[in-house]
**Q** 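Quick one: this structure, given as structure tokens, is what I'll be asking you about.
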Amino acid sequence: MQGLFSFLQQNPYLLLFFVVGLAVWIGRANIKGYGLGMVAGAIVVGAALSVTASLYGVKLELNNFAKSLFYYLFMYGVGLRVGPSFINSLKGDGLKFTVLALVSSVLGLALVVLGTKLFSLPTGAAGGMLAGSQTMSAAIGSAEQAITSGVVKLPEGMKPQDATGMIALSYGITYIWGTVGIILICKYLPRWWGVDAKAAARQYEAEFGVRDLEGGGLTGFRQFGLRAYRLENQAQVGVSIADFRRSNPEYRIVNVSRGGEQLGADPGLVLQKGDIVALGGSTGHLTEKMGLIGTEVADAKALGIPLDQAEILITNKDVVGRTFESFRGEAMAGQLQVTKVERGGVTIPAGLKTELQRMDIVSVVGLKSAVNELAEMWGRIARTNSATDLLTLSGGMILGLLIGMISFPAFGASIGLGNAGGLLLSGVIVSSVVSRLRFFGNTPNAARNVLEDLALQLPFMQFSESMGNHDSKIVDAASVD
């Protein structure tokens, strides 16, 4: 075993991804739906490896620069995610959650300070306890920076690495229990308040027209469809597309092929016998009136209509507060489908009764013309792009670090956001600007997820390994105090 640990010590990058893989594997394991998750898995794996290695006289460590870099990338990524809806969330119902978050933060901080004073815990314990019990990673960087910058005066004989080790130790102990506490509260708090969570969820689905989320997944059913028919029904011959729409509002004619020529779907176009009509609508409606136009045909040209997908940012004040259902009468209805709605950086379950809010991001797919028309009505459009704008990423990181350098004298010390807080604020600023301009700063969701997930793992691995390497020393110091 000593040879294995020595090998990992000499190859820190191999150690990094070895711990990441084990952490993800352990984090995915669950008992009756409950599991540790990736972060807690990283803490357990990192601490276990470092403690076991120390028994063989081997000290496992990751580079401090790498730890800080990944942690700062994580904080910047969080800012990018919440930025577009951050300001908007401070209004309306969002104000209630803001007050709730403020009360929770103050209460958690007060309990940590009280517990630290009551039990005379060593310097550094409060920062780790606050970060772990509240599962709030930003507090770790703030606590470490307070120690390294000299804001927190260390007791005589205590070194900065001892204090940061105590942060790691107290964080590792409290984080898991903080996570367990959240799980238990989410499970049992509704019962204590007399709320049936399952019944409330079903009521929400019925009230807002949300589809059954538990039945989600890849299936053969498609809510909307596009089919081609040869016009044989004499009742529809000589009828314009606009008149057809008024008589059959559940359908949309999206293309007409006549003699091999694609005529499009101008509202004034008059249908003639033998035309190939591309008809769009819900699957249910398309199977109701089978003889409405005529025989279904497989005409590749008539159905070869350009499709598009895009994310639409809601900026038009005229549509704020309207439900998706209220747009059924628009010309593009039935020609596209809403696939996802993000609010405040979080995907929300949305249905026909869901009201649009400013800075919501709505993902749609459908006919290209309909997507463009809807985007013009709702706000701004952003095409799906897999490339990351590294120039904007670099600029945002520089801005955040500069903001973190700003400090003000207070209570005999310099007070500021620090690098972590500065990067969080910078991410919010950059994503807010990008969401309005949309011609620069693209960061795909997949890239941002990798940025957050991997960047979140590394600092906690470092903290857990620091905890393992310093635990006996710190516990002994705590017992002496």
**Q** What pairs with E376 under side-chain contact (heavy atoms from CB on, under 4.5 Å), at least two apart in sequence or on another chain?
**A**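 Partners of E376 under the side-chain contact (heavy atoms from CB on, under 4.5 Å) test: none.
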
**Q** For the residue pair M397 and L423, establish whether any side-chain heavy-atom pair is separated by less than 4.5 Å.
**A**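 Yes - at least one pair of side-chain heavy atoms lies under 4.5 Å apart.
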
**Q** State whether the side chain of S426 and the backbone N or O of G422 hold a donor-acceptor pair below 3.5 Å, judged by distance alone.
**A**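 A pair under 3.5 Å: no.
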
**Q** Output yes when K353 and E325 qualify as a salt bridge under the 4.0 Å nitrogen-oxygen rule, no when they do not.
**A**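 Yes, K353 and E325 are salt-bridged.
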
**Q** So, taking the atom named CD in Q134 and the one named CG in L107, what distance separates them when rounded to the nearest 0.5 Å?
**A**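 Going from the CD atom of Q134 to the CG atom of L107 covers 8.0 Å.
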
**Q** CE of M377: more than 12 outside heavy atoms within 6.0 angstrom?
**A**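 Atom CE in M377 is packed in, count exceeds 12.
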
**Q** Quick one: closest heavy-atom pair of A163 and L154, and the distance?
**A**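 Looks like CB-CD2, 3.9 Å.
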
**Q** Counting C-beta onward and ignoring hydrogens, is there a side-chain heavy-atom pair between V430 and T392 closer than 4.5 Å?
**A**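 Counting from C-beta outward, V430 and T392 do come under 4.5 Å.
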
**Q** How close do V371 and A310 get, counting heavy atoms only, and between which atoms?
**A**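 Looks like CG1-CB, 4.0 Å.
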
**Q** Who are the side-chain contact (heavy atoms from CB on, under 4.5 Å) partners of A199, not counting sequence neighbours?
**A**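 side-chain contact (heavy atoms from CB on, under 4.5 Å) check on A199 returns D196, R202.
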
**Q** Among all residues two or more places apart in sequence or in another chain, which pass the side-chain contact (heavy atoms from CB on, under 4.5 Å) test with T52?
**A**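 With sequence neighbours excluded, T52 shows a side-chain contact (heavy atoms from CB on, under 4.5 Å) to F5, Y56, given in chain and number order.
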
**Q** Taking only residues two or more places apart in sequence or in another chain, which ones pass side-chain contact (heavy atoms from CB on, under 4.5 Å) with I398?
**A**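 For I398 the side-chain contact (heavy atoms from CB on, under 4.5 Å) partners, ignoring immediate neighbours, are L402.
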
**Q** Where do M158 and P122 come nearest, in terms of heavy atoms and distance?
**A**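 That closest heavy-atom pairing would be CE-CB, 4.3 Å.
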
**Q** Using side-chain heavy atoms (C-beta onward) and a distance below 4.5 Å, is I312 in contact with V364?
**A**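 The answer is yes; the side chains approach within 4.5 Å.
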
**Q** Are the side chains of V362 and L356 in touch, meaning some heavy atoms are under 4.5 Å apart?
**A**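 V362 reaches L356 side chain to side chain.
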
**Q** Search all heavy atoms of V112 against all heavy atoms of S133 and return the closest pair with its distance.
**A**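 Shortest heavy-atom contact: CG2-OG, 4.2 Å.
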
**Q** Enter the distance from W192:CH2 to I185:CD1 here, rounded to the nearest 0.5 Å.
**A**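 With rounding to 0.5 Å, CH2 (W192) is 7.0 Å from CD1 (I185).
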
**Q** Ring centroid separation for W378 and F327, is it under 6.0 angstrom?
**A**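 Under 6.0 Å, so yes.
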
**Q** Rounded at 0.5 Å granularity, tell me how far CD1 in I403 sits from CG in L424.
**A**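 Here the interatomic distance stands at 10.0 Å.
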
**Q** Can a donor-acceptor pair be found, under 3.5 Å and without considering hydrogens, that links the side chain of S104 to the backbone of L100?
**A**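 At least one qualifying donor-acceptor pair exists.
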
**Q** Hey, could you give me the OG1/CD distance between T354 and Q357, rounded to the nearest 0.5 Å?
**A**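 Reported value, rounded in 0.5 Å steps: 10.0 Å.
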
**Q** For a 4.5 angstrom cut-off between non-hydrogen side-chain atoms, does M129 reach L121?
**A**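 Yes, their side chains come closer than 4.5 Å.
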
**Q** When rounded to the nearest 0.5 angstrom, what is the spacing between OH in Y76 and CG in N419?
**A**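 Reported value, rounded in 0.5 Å steps: 14.5 Å.
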
**Q** Do any N or O atoms from the side chain of R358 and from the backbone of T315 form a donor-acceptor pair under 3.5 angstrom?
**A**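 Looks like yes, one N/O pair under 3.5 Å.
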
**Q** Between G124 and S170, what is the shortest heavy-atom contact and its length?
**A**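 Closest approach of G124 to S170: O-OG, 3.9 Å.
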
**Q** Any heavy-atom pair between the side chains of T123 and P155 that's under 4.5 Å?
**A**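 Yes, at least one pair of side-chain atoms sits under 4.5 Å.
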
**Q** How many angstroms lie between atom CD1 of I361 and atom NZ of K340, to the nearest 0.5 angstrom?
**A**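 Result: 8.5 Å between the selected atoms.
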
**Q** Should S363 and V341 count as side-chain neighbours, where that means a heavy-atom distance under 4.5 Å?
**A**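 No, their side chains stay 4.5 Å or more apart.
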
